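The structure displayed is predicted, hence computed values, not measured ones.
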Amino acid sequence: MATNQNIRDLQWLLQAIKAESLNLHSISFYLSQPTSVCYQETENSMNINIAKDSLVYLAQILAVLETAKNIRSSLRNLEFHQVEWKSQQVQNLGVLLESNSNIKQLVFIRNRFNTKCLSEFSEILKKNGVLKEIMLSESGIGSVGASLLASALKENGSLEELQIWEDSIGSKGAEELSKMIEVNSTLKLLTIFDSNSITATPLISAVLARNRSMEVHIWSGEHGEKSWKVVEFVPENSTLRIYHLDVSGTCRVACALGWNSTVRTLDMTGVRLKSRWAKEFRWVLEQNHTLKEVNLSKTCLKDKGVVYVAAGLFKNQSLESLYLHGNWFGGIGTEHLLCPLSRFSALQSQANITLKSVSFGGGRTKIGRDGLAAILQMLTSNQSVTRLGIYDDDSLRPEDVIKIFRSLERNATLKSLSLQGCKGVDGELVLQTIMETLQVNPWIEDIDLIRTPLQNSGKTEGVYQKLGQNGRTEPEPETDLLKDMAMTVPKSCRVFLCGQEYAGKTTLCNSIAQNFSSSTLPYMDQVRTLVNPVEQAVRTVGMKIKPFKDEDTKISIWNLAGQQEFYSLHDLMFPGHGSASFFLIISSLFRKPGNRELKTSAEIEEDLQYWLRFIVSNSRRAAQQCLLPNVTVVLTHYDKINQPSQNLQATVNSIHRLRDKFQGFVEFYPTVFTVDARSSASVNKLTHHLRKTSKTVLQRVPRVYELCNNLIQVLSDWRSENSNKPAMKLKEFGELCQVKVPPLRIRSRHDNKEKVEMRRRAIAVCLHQMGEVIYFDEPGFLILDCEWFCSEVLSQLVKLDVRKQSSTEDNGFISIKELEKILKGSLHSQIPGRGSKVFDNLEAIDLVKMMLKMELCYEQDPSDPNSLLLIPSILEEGRGKPQRWQLSTPDCTYAGRHLECDDSSHMFLTPGFFPRLQVHLHNKFIGIKKQHGGTYSLEKYLISININGIHVRVELGGQLGYYIDVLACSTKNLTETLRLFQQLIIPAIQSLCHGVTLTENILRPECVRNLTPPRYRGTQSVHLQRLKQALLSVPAESMYEYQHTWGPVLDSGRPILRAGFDFARDLLSDDDFREVLHRRYHDLYNLAVELQVPLENNPDGQDHPPSTSDETDSKVEPSLGGIAKGVEAVLQRLKIIEQEIRDLKQEIQGLRYYEHRLLMELHHKVNYLVNYNVELEERKVPNMFYFVRTENYSRRLVTTMISGMNALRLHMLCEYRREMHVVEDQVGCELMQVDNTAVKCLAPYMTKFMKLLTFALKIGAHLATGMGEMIPDLSREVAHLVESPLLYGAAGAAAAGAVGVASVGRIDGRRNTSRGSRDIQQDLRAAQQWVVDFLRDRRCSTGKEIAEKFGLWRVRYRDDGRIAWICRRHMYSRANEIAEVPI
């Protein structure tokens, strides 16, 4: 209440305003008061009371306020109470608002406006750009005032809040305000309190339809009576709550929500809704993309209304929560509601995948049998719902609740289940089922059982305790994920029947089945003549699989299709590493089943040899072979042979030859079975062999996870229950493991799910290797019916007829849609009941993905979703087409490589290899194409690539595909062309021939340029390494000009290619040529290190190398240190070679000088070793000896001595100076076994001398003079060791030691050198004594005996008197230089 000192009369107020002594922010006018006074509530606010007889003061005060500068700048708010406005007063208010730019708020409480005043006030608002808030309370503006306000706010751009309290604006006023809302975008708050709730509908509809971020509060009620809220919209949390609206109003709001983007939550709890509204709301769900939560609880919706809501869910992709509990619908409504959340087949996609939470139920909701079935289907198949609520239901019985929890065993998405108030949650069986479900399903986080009989009886404590255990996080010990999984002997073995068509494989398989059956039909043999016509007329198409049970062992016979078109698929069926399997090669003794024309032994041998090579080639693809493939040969149609013939004996002999030939590659069963495939009695012994061999193989192969044997039965049971599902998704496999296989179960939702998934994948891979399933990791499928997949799916691919296509440009290409159509047609089996529902769980597009994964096809353009697919196995051959290069310029470069199987007699590139290469190389090509551009085209045995100016042809050749030719015509130089070979083509080829070694040969360029047919260019290639070796064997000055000579090619005397030659530099790339130089430098460096001998043995050479560079210090000192420096200089010059190949000739000249210097040092070192003890002994036996070991009809040089070695032979070298060599046809002396004494005496000699000899040999293999003439024959003797890891193992280690010794030698100086000399002398003396004793024991101590055994004679050089042992050739050719000194 105001104090007396603050009360002033209005005259004082007028004077104070004029004197600008007041600083007011807020002024409140109260009219019709008893007296006219003013009082100041606060420093900045004032209340002005004006009596009825003093109304003139209102206009005066408003006029004074207009001129007061200080108040004009500070006044913010104006309030008017009980004012009956006149036109003049409104005009004064308008002038004040126009002159004052700071007034933000106008409040009218219990005012009265006539139409003229409202119109004038409307005009004021139109022009005002300052006001932010207007509140009209109990001012009776009515529909007319609302309309005038609406027209003003259509133009006003500043007002943000409009409040109309306790007034009746009517439907017309509400409609006008709604039109204003459609135009006005600045209004932020609209509050209406109206006596009629009908005003809410147009207002909220306009806000929603125009996506206005306007807070709306609409109330309704009578004066002095209870009021209620009608509508509330809060943009801050995007929530629209409707409390009271009639049916038409709710429908209009629904229409406005269709394209709305501001509402996230719609709450209509308690609003009585009809199916008419639900019909409109269906459209909202289909069109709206922002609505996240809808609460329709207790809205009295019946079945029809819920059906409309469910229909909208099919297209909705945004709604996350839907609450429908407390409504009046039944089982039909429940069924429709859950339909978009369910899948009814494995191939059907779930219609709605965004809805996460749904609830329904209530006392008047009758779920019934149909509703229960819908709940179970949803819980079994849904992959998105995380929360499900069924509230206060009376219709579900305990057995129904049990079914609900059973369906949750395979649901990995639901986290919360509420059965609050459900009467059926009762009984021990329900409690037990809940606990069992929680044992299997750890992803359920919450189960709400409030107000259920189970909780009321106090039995739910165990449920909540188990939920807590599933949520507990305990650190797991870091262990091997697979190590703790028990291993056991596999119980499943595969038998592969291999053979040409009409060999009788299917008939034989049927007869074996009769023997495996416990109820063999006795009359089968009697009707075999009836089978014969059928056998002749019908052949089995595609691969067939027939399983048998032999006690606890499962034997499945895989009948590989014998038709030529199926050969490319055989690689895919070949068992993996460690798989329990063996092979029966079936061959008919007759050429055709309808005649009596016997095959020749050569034809049968060719037939068997193909399959043996196929088995060997594929078995080598494994990372490591744990055992050799087991092979048994079966000859069919033996019943047609009346009496044994010479041809049959020749066949037996050829099979014996094959057994010897493939010894060490396959395990050949010694017995050849000759059978009548139609007779079960005839194949009885073969059946017994299958049983016995299966058990043997199962014991020998690596063990498998014990879980695999258990899962075989689990999958078999699942297959029986789902007979129309030949395939299983990986997710279904995980669900099956979760329920049926405890070791593969996720026990807690906080468990490491990735670890369990890894275990499951490991088991799936193991089952794949066992042949129980075909597992695709990336598409995520397990094929359970392997025969269906092999015979009905894969076989369709090889029977496609692309010739029907109109364009030859699309040869081999097929659209995805066409391929899907073919696959769909093939998957529907003609057998009733099988395959009719295949597409319920497997789509054709999934098969296409599997084919892409297996590289059976590839996309022409991976970036195009509608790209054509190429199936290489259906490509046509290009024979008959003109073969020529697209480029024809004279400066083109031509290069070719011939990649040939190293062991083509036992292995070849299998029929599936080249199609895989076509796909694999294409996938590699795609990455390069984006950078350089290019084209890629195919024929059946040809790949054509054009990239960056290089045209490449990759051709498959040979009768059985044992080589590949890579030809190129290029505008680039030879090095760039061959780099494409080395970086793209050859690595792609090598990566697919696991276990099959391909040797690289250089094709004659003329053959490449003319595209000479493969039959003529077979001899026109040279081994790449052999050419490099040839370069290493010529003098340094000849390397650059080295020529390789090609022989002529004739066809029936007609010349096809004339003899010619090519320079090695035109056959090798710069990279290859540098590699040759590197090897030469490497050998020279090692030899220089090895020649660190006592200085008294150094030569005193005075020659200097020719000048090869601008270096001033180019001289080499005539000492070992100088030679070492020279080698270092050579290595430095190597960098120059790598930078500019044009300096190659000069570098070769420098290289030749250093070779000559090093060879001179080597001569002196060898002479020192031979003659170190001339003065001590008179050389009674030769000094230079070596050992050879005979293995597999070949001789191997022994480089190290180990106790226990046997079957060695001692040989001696001819010691003639500078021409030392191996003596041809030398008998030598046999050393039965190496004992410890021999090792002690010979090991130092072998280490030092053989090391030196090794380097000499490598240098000798490089030179045509000098050292190459010193030891030419020894070079041939150990040529196979030059590239052998054995030699590198010994000599390489010795070389490393020599480098270390040389490094130490630089520090220790001559002292270490002298000590090394004494060590060598001691080692040689010990070895010499051992040789003397050994030869004496073998009675080979006289000159005659040594000549007989070693072909060596003791001589003395006439010039220096030294003793040497030389061969007969030198005895005659050097007779004038020597004199024989017999013992």
Side-chain angles (χ1 to χ4, degrees), residues 25-33 41 45-50 55 58 62 75-86 89-90 93-94 96-97 103-115 117-122 124-125 128 131-153 156 158-174 176-178 180-181 187-200 203-204 214-232:
H25 292 177
S26 176
I27 300 177
S28 299
F29 294 92
Y30 292 86
L31 271 68
S32 302
Q33 299 298 313
E41 286 186 321
S45 65
M46 178 170 287
N47 291 347
I48 302 174
N49 294 346
I50 301 176
L55 294 178
L58 177 60
L62 292 176
L75 189 60
R76 300 285 186 272
N77 305 321
L78 288 176
E79 290 187 14
F80 298 93
H81 296 259
Q82 299 177 341
V83 178
E84 292 185 8
W85 290 90
K86 305 298 181 180
Q89 295 169 343
V90 173
L93 176 62
L96 174 61
L97 293 176
I103 297 177
K104 305 298 183 184
Q105 183 185 46
L106 285 180
V107 177
F108 301 95
I109 300 176
R110 296 179 182 178
N111 283 231
R112 289 294 177 266
F113 296 91
N114 57 31
T115 303
C117 292
L118 287 173
S119 178
E120 291 177 350
F121 184 66
S122 173
I124 293 171
L125 285 181
N128 187 280
L131 277 175
K132 298 295 183 183
E133 178 182 350
I134 295 177
M135 185 179 77
L136 295 162
S137 177
E138 301 178 59
S139 297
I141 62 172
S143 60
V144 175
S147 299
L148 290 171
L149 282 175
S151 64
L153 293 180
N156 182 279
S158 63
L159 194 68
E160 296 180 354
E161 296 184 14
L162 175 62
Q163 302 183 47
I164 303 176
W165 290 90
E166 297 188 32
D167 201 344
S168 180
I169 62 174
S171 60
K172 182 179 179 181
E176 293 299 326
L177 285 175
S178 69
M180 176 272 296
I181 292 171
L187 203 61
K188 302 300 181 185
L189 173 64
L190 176 63
T191 303
I192 305 290
F193 190 112
D194 202 287
S195 59
N196 195 341
S197 61
I198 196 173
T199 58
L203 295 174
I204 191 64
M214 180 189 303
E215 186 175 347
V216 179
H217 299 275
I218 301 178
W219 297 74
S220 183
E222 299 297 334
H223 293 288
E225 296 182 3
K226 183 180 179 180
S227 61
W228 60 87
K229 206 167 196 178
V230 181
V231 172
E232 175 186 271

message = On a heavy-atom basis, which atom in S197 and which in S220 lie closest, and how many Å separate them?
response = N-OG, 3.3 Å
note = Of all heavy-atom pairs linking V230 and W219, the shortest is CG2-C, 4.1 Å
task = Measure the shortest side-chain to side-chain distance between L159 and L125 over non-hydrogen atoms and say whether it is less than 4.5 angstrom.
result = no
inquiry  = Are there over 12 heavy-atom neighbours, none belonging to K104, within less than 6.0 Å of that residue's NZ?
reply    = yes
message = Show the nearest heavy-atom pair for residues S122 and S151, with the distance to one decimal.
response = OG-OG, 3.6 Å
note = Those residues at least two apart in sequence (or on a different chain) that pass ring pair (Phe, Tyr, Trp, His ring centres under 6.0 Å) with F80 are F29, W85, F108
query = For the residue pair S168 and D194, what are the closest heavy atoms and their distance?
reply = CA-OD2, 3.4 Å
task = Using ring pair (Phe, Tyr, Trp, His ring centres under 6.0 Å) as the criterion, list what pairs up with H81, not counting sequence neighbours.
result = Y30
For the student: nearest non-hydrogen atoms of Q33 and N49, plus distance = CG-CB, 3.7 Å
inquiry  = Could you work out, with side chain to side chain contact (heavy atoms under 4.5 Å, CB included) as the rule, every residue matching A150, not counting sequence neighbours?
reply    = E176, L177, M180
ask   = More than 12 non-hydrogen atoms from neighbouring residues, nucleotides or ligands closer than 6.0 Å to CG on L55, yes or no?
value = yes
request  = For E41, look at atom CD and say whether over 12 heavy atoms of other residues, nucleotides or ligands are found less than 6.0 Å away.
outcome  = yes
query = Of the non-hydrogen atoms in L190 and M214, which two are nearest, and what is the gap between them?
reply = CB-SD, 3.9 Å
